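A quick write-up on the structure given underneath.
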Amino acid sequence: MRILYLCADRGIPVRGHKGAAVHVRGLTDALVQAGHAVAIFTPRPGPADGPAPLAEIVESSGATDDAAAQAAAALAWLERHPVDALYERYSLWSDVGARLRAAAGLPLVLEVNAPLRAEAARHRGIEDDARAAQIEARQFGAADHLAVVSEPLAAYVCAHGADPRRVHVTPNAVDPQHFHPAVRGGAVRQRHGLHGRAVIGFAGRMRPWHDGPTLLRAFARLHAADAATHLLLVGEMDPALLAQIQAAGLAAAVTCTGPLPHCAVPEHLAAMDVAVSPHAASEAGEGFYFSPLKLFEYLACGVPTVAADVGQPARLIQPGVNGYLYPPGDDAALAAAIAALLADRTHGRALAWQGAALVLTQHTWAQNAAAVTGWLAEAGARRVDARGSLANAAEARGVGDAATGAAGLTLPLLDDKLRQRLYRATRPDLAGPLLARQLPGFRKKGPLDLERVEITAVLKVKPGRRCVLAYTLHARHRASGQPVLRQVVGKVFRDQRGQRLLALQAQLYRHGFGPDAPDGIDVPQPLAYIPEMRMLVQARVPGETLDALTGRGGAGPAVARAAQALARLHSSRAFAPERNGAAPAVDAPSLAPYTLADELRGLEDYAARLAELRPDAWPAVQALHAALLAWADRLPAPPATTPLHRDFYYSQLLFDGPRLHLIDFDLLAQGDPALDVANFSAHLAYLGLEQHGDLSRLAGDAARFLAAYCAARPPDEGFARRLAFYQAATWFRLLNVVAPRPALRHLFQPLLAHTQAALRDTAPELA
């Protein structure tokens, strides 16, 4: 879609740093990024060296503010540059949009950010209110749609000529490429000597309605109680406030940055421990029509936030959920809210994350742009413009805010537990520099330059625990200039286990499971651990999983190959064993033991969870759990422990022609090999149930697997008894997999009956 954006207000330099200019660029940039062609028609482009929008700037006549002359100039431009739609930022004396709509037949969206006529009358006086009211009514009545930034403004425009059916509340927003919770503020703290300080901050041009005196009084209270507190004022401050700071003797505890380019604001917000959005009591109630841009930016950057309990801030902030509110003008309450956040930093970070998630999912410029183009397309579909072209509704609705992963998830991912780590990992622009810094070949003085990162798939997500991502790294060889592609997998964990897993997988890779393995059984090459994302990175290997093979009618040779791979893992000398007396490999990382007692603790947790998920089946589940505990008491101990995969089943094998790749060593431990064998065979039975509705469908494949494993690694005397127990324990665990998932709940009853039958057949005295 081709859009002409009209901004007739001389007080808005498009390439400037004030909030209105940021708004103009934010929306027009989002429109351009969504694939639309945008031109900004303005009398004030702003400084040549200022931040330039992605849209084309067309400077209107500089000699006059007359709306008729501006409209004539715009119409002349339109004759040479046809467009599909008009968008105007409401200005007090401008009805250019209404004139162009009438002359050219183009659909018009009018953006209203303030009741400008009422503001002028209240604060400055207005020479010709009747004419201003006439212009205002003409604009409000002509627009096909009106975008207003707050509910009070919706009421205002409806009271002055707008059709309520065409009015949409569209608050301010952020550009998530710049404002996001992974921004770092360390450089700002270093620059201003703020390390070790509790930093309370405000960002923006301080205006009377921002209530700087209440903020200063609240800070004085905090500083009197704790000299480590510091006030960071980012932007142009009111000279009267600066004088009050001096008079209060707080100059040494306050840093004023002065005016800053908007691109420098995010790192300053990230340097704050608490951000404040103050507003004066006189603006409370229905008269508060603002949509504070700073508040959205605070929240997007994941900064714990306190705002005045007025207007839109009171709708955006849920106290105790994503921030705190205070009664406007009440410095004691403001100080108490800030102190609460400083006293409990963990709670503050949790609130801040919820604030970031809210803004980044609901208040981005891309989302606002998508709404605008939707309205324009709707209006344009009903109207043929003066040149006979129709607005393209399908194109307009193609606007998106983020990429979508192969798993159908919208990227970047906002997870309450993984937070900034996963957010960075699912933003290619943020993940790229971290990958380049750590991966072999891309590091400083390496042979490759990383040019672009693409997320090609979200392979697995366990909310709050981990996420597995597939990346394509687009690089160029520094010497030859030839393009190079690298496929890697990144595994993001809630904790720091990835660093240890890197060492364990590297040990396997070096000791028998590398690319030169004579039997073609290997593990993916471990590449790096990236602490900023708590990510283990490994090479991506090709292949099909075993369940894909069985789904095509059986996989006898494949299950035998799987057995061979497991037997070799169990026989590996790569790790220092716990009890079998074998000599450890040189510099080998040790494996944590996994015992029968650990397994029983897991069964206890599964039983408790099933009690919540399926209370109707609790008597049967309770009886089954008790029988498993009794059965465990009679099991013989394994004569020796081995390296144990602990999650060995059909999805952890990738068959690639003659090669077999073993993956996912997150649970690697030292334990009873019967557990891995049982886990695999029990999962085959479950796979038969899931794919074919028959738990015995793959019994032949399970028998082949067991025979091949025993041929490769002869079992000990008590192996069969332990195998039967761990099979039943695996089916019990799988009840927890199917119970909470609507698409799998129908499998619960047959799986429960199968587990009960296994117990009766193998240990009838306990059933």
Side-chain angles (χ1 to χ4, degrees), residues 3-60 62 87-89 91 111 113 149 171-180 182-185 187-188 191 201-207 232-237 256-271 275 291-301 303 359-360 363-369 372 401 427 429-430 433:
I3 302 169
L4 180 62
Y5 185 110
L6 304 164
C7 181
D9 190 337
R10 288 186 174 277
I12 302 176
V14 172
R15 290 190 292 256
H17 299 292
K18 62 190 300 184
V22 170
H23 193 148
V24 172
R25 292 196 302 273
L27 182 62
T28 56
D29 283 358
L31 289 167
V32 172
Q33 288 166 344
H36 304 289
V38 182
I40 303 173
F41 195 77
T42 174
R44 191 178 176 192
D49 60 350
L54 298 177
E56 175 190 2
I57 293 181
V58 179
E59 187 170 1
S60 63
Y87 186 100
E88 182 166 16
R89 182 183 173 100
S91 301
E111 174 192 298
N113 295 277
V149 296
N172 266 319
V174 299
D175 179 354
Q177 294 297 113
H178 301 290
F179 292 87
H180 56 77
V183 176
R184 296 297 189 83
V188 171
R191 189 181 312 141
F202 170 90
R205 186 179 181 187
M206 183 70 76
R207 298 295 186 92
L232 176 62
L233 300 175
V234 180
E236 183 179 345
M237 295 299 116
C256 300
T257 67
L260 290 174
H262 193 245
C263 62
V265 171
E267 64 174 345
H268 285 78
L269 301 187
S291 178
L293 182 61
K294 64 174 57 56
L295 182 56
F296 293 90
E297 293 175 348
Y298 291 167
L299 294 172
C301 285
V303 184
V359 170
L360 293 174
H363 298 289
T364 65
W365 291 122
Q367 288 168 317
N368 286 10
V372 166
D401 185 52
R427 277 272 302 265
D429 58 325
L430 300 180

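All values reported here derive from a predicted model rather than from experimental measurement.
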Q) Yes or no on side chain to side chain contact (heavy atoms under 4.5 Å, CB included) for F41 and E88, after CA distance, side-chain angles and deciding distance? A) CA-CA 9 Å; F41 195 77; E88 182 166 16; over 6 Å; no
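Judged by distance alone, with hydrogens and angles left aside, the side-chain atoms of R15 form no donor-acceptor pair with the main-chain N or O of A52 at under 3.5 Å. Not a single donor-acceptor pair under 3.5 Å links the side chain of R44 to the backbone N or O of C7. Side chain of R25 to main chain of V14: a donor-acceptor pair is present (N/O by atom type, distance under 3.5 Å, no hydrogens or angles). Checking side-chain atoms of K18 against main-chain N and O of G11 turns up a donor-acceptor pair under 3.5 Å. For the pair Y298 (side chain) and A203 (backbone), a donor-acceptor distance under 3.5 Å is present.
Here the rule is side chain to side chain contact (heavy atoms under 4.5 Å, CB included) with H23, and of V149, N368, I12 only V149 fits it. Exactly one of N113, L27, I40, T42 qualifies for a side chain to side chain contact (heavy atoms under 4.5 Å, CB included) with R89. That residue is N113.
In this structure, T257 and G235 approach most closely via the heavy-atom pair OG1-N, 3.1 Å.
Evaluation of the side chain to side chain donor-acceptor pair (under 3.5 Å) rule for R427 yields Y423, D429 as partners, not counting sequence neighbours. Take S91 and apply the side chain to side chain donor-acceptor pair (under 3.5 Å) test, not counting sequence neighbours, and it matches no residue.
A 6.0 Å sphere centred on CZ of R191 holds more than 12 heavy atoms belonging to other residues, nucleotides or ligands.
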